[in-house]
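This report refers to the structure that appears directly beneath it.
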Amino acid sequence: WNTEGLPRDTVSTENGILVTRGRRWPLMIDPQDQANRWIRSKETKHGLKVIKLTDAGFLRTLENAIRMGMPVLLEELKETIDPALEPILLKQTFVAGGRTLIRLGDSDIDYNKNFRFYMTTKMANPHYLPEGWRIGWKADRRVLGRGMMRRRQPSVCIKVTIINFTVTKSGLEDQLLSDVVRLERPDLEEQRNQLIVRINADRNQLKAIEDRILKLLFTSEGNILDNEELVVTLQESK
């Protein structure tokens with residue numbers, strides 16, 4: 001993640017875990033655009049589509065991404081969201097005729113399980129109401145006086161994982177230190193990135209070896225010292 005642009009402070013790392021492991025789609029409070037840049041760098045190789053609610057054809061772009069299993073970044077979100085997106089936020093998929101479908105607009109479309117949905121807002125302190133009632137000015141339901149009206153809007157906060165990417169003081173210190181090293185000693189920064197990649201690869205290899213040893217121990221019969229494959233695996237793990 002760090003090599004893809006995620007800041008190296010602890011808060012950003014925890015936010016990254018919430019983004020990638022959360023059960024609901026993430027909505028990132030991102031006034032400094034840090035999350036936006038990270039998602040763009042992370043998902044570009046997977047065919048990332050970037051949309052805004054003000055785009056004329058954003059539903060068509062979203063539909064194609066859902067069919068093809070490509071990631072989508074919805075940026076510059078405000079305090080309300082298009083009701084057409086509610087089935088996506090709630091992951092309201094269903095099976096019909098052996099196909100996994102989801103309702104988008106007026107049609108049912110194929111849902112690819114590789115589809116991923118990210119949302120960012122530049123608002124530093126958005127107010128996402130727990131209830132769906134909001135006050136507006138054009139009366140279409142019930143007049144409250146002086147042209148004001150009460151209308152139903154889809155609640156956002158209960159349908160997404162809200163993650164605050166606003167820079168903290170400690171996080172800013174870590175990021176500034178990293179930027180200074182990157183500018184003053186780019187060779188050290190390159191070595192650091194290589195070490196991060198190498199450490200992650202070693203951790204994955206260690207986990208694979210541990211799983212293999214446990215499997216061999218579980219399936220081994222008789223004296224484990226007579227199991228040549230297990231002995232060889234234990235030697236390799238050193």
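Quick note: residue numbers are just sequence positions, from 1.
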_Test side chain to side chain contact (heavy atoms under 4.5 Å, CB included) on L6 and F165; report intermediate values, then the result._
CA-CA 10 Å; L6 183 69; F165 269 84; 3.8 Å; yes
*To the nearest 0.5 angstrom, please state how far the OG1 atom of T121 sits from the CD1 atom of I29.*
7.5 Å
*asked:* Which residue in the set L104, T100, V95, L101 passes side-chain contact (heavy atoms from CB on, under 4.5 Å) when paired with Y111?
replied: T100
_Set out, in order, the CA-CA distance, both residues' side-chain angles and the distance that settles side chain to side chain contact (heavy atoms under 4.5 Å, CB included) for R60 and N64, then state yes or no._
CA-CA 6 Å; R60 175 63 62 183; N64 292 335; 4.0 Å; yes
*Measure the shortest side-chain to side-chain distance between L74 and V50 over non-hydrogen atoms and say whether it is less than 4.5 angstrom.*
no
*Would you call the rings of F115 and F117 parallel, tilted or perpendicular, where under 30° means parallel and over 60° means perpendicular?*
parallel
_Heavy-atom side-chain contact between L206 and E210 under 4.5 Å_ = yes
*Under 3.5 Å donor-acceptor, N15 side chain and N164 backbone*: yes
_Quick check: is I163 connected to I17 through a chain of hydrophobic side chains (ILVMFWY, heavy atoms under 4.5 Å apart)?_
yes
*Going from CG on L85 to CD1 on I81, what distance comes out if it is rounded to the nearest 0.5 angstrom?*
5.0 Å
*Is any side-chain N of the basic residue among K207 and D211 closer than 4.0 Å to the acidic one's carboxylate O?*
yes
_Beyond-backbone contact of V167 with V11, side-chain heavy atoms, under 4.5 angstrom_ = no
*Polar side-chain atom of S41 near backbone of R37 as donor-acceptor pair, under 3.5 Å*: no
*Compare every heavy atom of A84 with every heavy atom of P87, then report the nearest pair and how far apart it is.*
CD-O, 3.4 Å
*Determine yes or no for a side-chain-to-main-chain donor-acceptor pair under 3.5 angstrom, with W25 supplying the side chain and I88 the backbone.*
yes
*Group every Ile, Leu, Val, Met, Phe, Trp and Tyr by side-chain heavy-atom contacts under 4.5 Å, then state whether L90 and L53 land in the same group.*
no
*Does CD belonging to Q205 count more than 12 external heavy atoms closer than 6.0 Å?*
no
*Kindly say whether G57 contributes a backbone atom to a donor-acceptor pair with the side chain of T61 at under 3.5 angstrom?*
yes
*M119 vs L89 side-chain heavy atoms within contact, under 4.5 Å*: yes
*Are the side chain of D55 and the backbone N or O of F58 linked by a donor-acceptor pair below 3.5 Å?*
no
*asked:* Nearest 0.5 Å, please: how far is CG in L73 from CE in M28?
replied: 6.5 Å
*Taking the side chain as every heavy atom from C-beta outward, state whether F94 and I102 have any atom pair closer than 4.5 Å.*
no
*Value rounded to 0.5 Å, distance of NZ in K122 from CG in L77*: 13.0 Å
*Taking P71 as the fixed residue, which of K49, H46, K45, K42 is the one that meets the side-chain contact (heavy atoms from CB on, under 4.5 Å) rule?*
H46
*asked:* Could you check whether atom NZ of K215 has more than 12 heavy atoms from other residues, nucleotides or ligands sitting under 6.0 Å from it?
replied: no
*asked:* For a 4.5 angstrom cut-off between non-hydrogen side-chain atoms, does Y118 reach E75?
replied: no
*asked:* Please determine whether side chain to side chain contact (heavy atoms under 4.5 Å, CB included) holds for the pair I39 and V19, giving the CA-CA distance in whole Å, both sets of side-chain angles, and the decisive distance to 0.1 Å.
replied: CA-CA 10 Å; I39 294 299; V19 169; 4.3 Å; yes
*Working for side chain to side chain contact (heavy atoms under 4.5 Å, CB included), residues V72 and I51*: CA-CA 7 Å; V72 172; I51 60 174; 3.7 Å; yes
*Drop me the distance from W38's CH2 to E43's CD, to the nearest 0.5 angstrom.*
8.5 Å
*Are side-chain heavy atoms of E86 and K159 found at a separation under 4.5 Å?*
yes
*Does any donor atom in the side chain of N36 or R40 lie under 3.5 Å from an acceptor atom in the other side chain?*
yes
*Reported CD1-to-CG distance for the pair I66 and N114, which is rounded to 0.5 angstrom*: 13.0 Å
